[in-house]
2 protein chains.
Amino acid sequence: MSDEKLKEKAIIEAARNRFAHFGFSKVTMDEIAGDVEMGKASLYYYFPTKEDLFRSVVLEEQSEFVKNIEEILGRHASASEKLNEYVAQRLKYFRDLVNLGMLSVHSIFDIKSIFKKLFEDLGKQELILLKKIFDEGINSGEFTKELPGDFPKIFLHILQGLRFRVIKLFNEHKANEETYKELESEMKIATQYLIKGIKCN
Amino acid sequence: MSDEKLKEKAIIEAARNRFAHFGFSKVTMDEIAGDVEMGKASLYYYFPTKEDLFRSVVLEEQSEFVKNIEEILGRHASASEKLNEYVAQRLKYFRDLVNLGMLSVHSIFDIKSIFKKLFEDLGKQELILLKKIFDEGINSGEFTKELPGDFPKIFLHILQGLRFRVIKLFNEHKANEETYKELESEMKIATQYLIKGIKCN
DNA sequence: ATTCGACTATTTTACTTGAATGGTCGAAAA
DNA sequence: TTTTCGACCATTCAAGTAAAATAGTCGAAT
């Protein structure tokens with residue numbers, strides 16, 4: 001890897017740690033620069049803006065998540081199993097986002113949010129991945145052929161929706177390990193019965 | 001109905017109209033008083049605080065919603081049909097809340113929100129109603145006996161979660177008639193397949 | 001028992017100002 | 001040429017403040 005790329009990585013890593021602890025707005029470029037023992041101005045040699053740096057951090061997490069899912073897709077397993085695994089992985093990724101301070105009310109709902117486009121892109125990617133799983137299930141005869149075309153979307157919305165409850169608690173500073181366990185359980189059960197509902201038998 | 005009760009009703013009605021248009025904070029007691037041709041101080045004869053007046057408005061809507069559901073529960077119908085009807089009624093009620101300006105980000109998430117307790121109470125009531133439907137389904141042999149005890153809660157969370165997407169769009173001023181139709185469709189389909197999944201056959 | 005004008009206390013808003021911070025630039029170093 | 005950074009600028013943000021708006025009170029009038 002080139003020297004330039006290595007330094008980029010180091011900056012991203014330092015930024016990631018800071019952002020994970022304090023969230024986007026509470027981290028200054030000076031602090032990140034200090035972590036990698038550079039002047040602030042030097043960061044701007046690698047990243048045009050602070051937002052851009054943050055985007056790079058998130059994008060790395062995202063691509064790792066997507067890679068994980070694609071690995072799951074490649075396995076020799078039933079569509080149901082893949083779906084269950086998908087839900088589990090998604091929850092894990094979600095927790096990373098929480099750590100990145102990306103899931104505060106304001107970051108999610110604020111129109112001007114710099115995260116909005118990122119989320120939209122991820123949603124599109126997820127939809128594609130889910131569609132693959134469902135198509136596979138239909139083609140193999142595991143799922144009913146009558147499944148509506150927008151079922152993947154609905155499934156995704158259900159997952160996103162369940163998540164919101166945790167975000168809400170999180171913003172009331174009431175979220176703890178317990179809450180996540182509960183969410184995990186809810187997602188699993190919901191998935192389980194949805195799968196039962198769409199199976200052919 | 002007593003004279004006093006009638007005036008209370010009139011005040012609640014005037015308040016409802018104002019709140020529906022402008023939301024809680026953008027309505028002054030003077031305006032409401034003007035609508036019913038009274039002095040502001042007179043309102044305080046009937047309602048101790050502005051919040052209390054608002055609570056009365058919401059409580060009326062809520063009790064109407066619950067009454068609707070209870071009517072549905074009393075019908076001679078399968079648990080599945082009742083569940084479907086429940087979802088439909090819930091969406092209708094939800095739209096009323098939107099009109100009352102109760103579903104902005106701030107009113108939902110703000111810890112200090114005066115609506116919080118109201119929502120919590122409603123949630124508890126809904127849970128009881130849903131439990132009845134599911135128990136009925138299990139006892140009649142329509143639903144599987146293996147249904148987890150917290151399935152009603154999960155079902156409610158799914159409905160609540162799906163709603164969030166619309167709230168989000170609503171806060172971005174992007175919600176329109178179309179969006180609601182979409183939400184209705186999503187809820188119906190999700191309910192349909194969840195029912196399939198929990199049925200005995 | 002009910003109404004309301006006049007009053008108070010509190011909250012909200014609009015504005016100011018100084019500090020913090022994102023971002024720029026040209027010179028220096030490697 | 002590529003990379004670094006000190007010094008600088010422009011913008012944003014926080015804290016404070018004064019004025020306006022508004023929730024809520026009270027005693028007199030009906």
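On a predicted model such as this, the values are computed, not experimentally measured, just so you know. In the text below, chain A, chain B and the rest are named by the order of the sequence lines, each starting its count at 1.
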*Validation row, ring centre Tyr193(B) to ring centre Phe151(A) under 6.0 Å*: yes
*Say whether Thr144(B) and Glu146(B), considering side chains only, have a donor N or O and an acceptor N or O under 3.5 Å apart.*
yes
*Looking just at side-chain N and O atoms, do Ser78(A) and Glu81(A) make a donor-acceptor pair shorter than 3.5 Å?*
yes
_Selected nucleotide, minimal atom distance to Lys7(B) side chain, candidates dT3(D), dG24(D), dT3(C)_ = dT3(C)
*Report the distance from atom NZ of Lys50(B) to atom P of dT12(C), rounded to the nearest whole Å.*
10 Å
*Starting at CD of Glu8(A) and ending at C1' of dT3(D), how long is that distance when rounded to a whole Å?*
13 Å
*Between Met38(A) (CE) and dG23(C) (P), how many Å, whole number?*
17 Å
*Name the nucleic acid region contacted by Phe47(B), choosing base, sugar-phosphate or nothing; use a 4.0 angstrom heavy-atom cut-off, strictly under.*
nothing
*So, Phe155(B) versus Phe134(B), ring centres under 6.0 angstrom or not?*
yes
*Would you tell me if any nitrogen or oxygen in the side chain of Tyr44(B) comes within less than 4.0 Å of OP1 or OP2 on dT3(C)?*
no
*For Lys40(B) and Thr49(A), take the nucleotide of DNA chain C holding the closest heavy atom to each; which residue's nucleotide lies nearer the 5' end?*
Lys40(B)
*Just how far, in rounded Å, is C1' of dC5(D) from CG of Asp30(A)?*
12 Å
*Tell me which nucleotide among dT3(C), dT4(D), dT24(C) gets nearest to the side chain of Tyr45(A).*
dT4(D)
_For dT21(C) and Thr28(A) - does any side-chain N or O of the residue sit under 4.0 Å from the phosphate oxygens OP1/OP2?_
no
*For Leu43(B) and dT22(D), give me the distance from atom CG to atom P, rounded to whole Å.*
15 Å
*Return the nearest nucleotide to the side chain of Lys26(B); candidates are dT13(C), dA23(D), dT4(D).*
dT13(C)
_Integer-rounded Å distance: dT22(D) P and Leu53(B) CG_ = 16 Å
*Consider the side chain of Ala41(B), meaning its heavy atoms from C-beta on, and name the nucleotide among dA23(D), dT25(D), dT4(D) that approaches it most closely.*
dT25(D)
*Roughly how many Å is it from CD in Glu51(A) to C1' in dT21(C), rounded to a whole number?*
14 Å
*Report the distance from atom OH of Tyr46(A) to atom C1' of dG22(C), rounded to the nearest whole Å.*
19 Å
_Mind checking if Val36(B) touches a base, just sugar-phosphate, or nothing, with heavy atoms under 4.0 Å?_
nothing
*Would you check if the side chain of Asp150(A) reaches a backbone N or O of Lys153(A) as a donor-acceptor pair within less than 3.5 Å?*
no
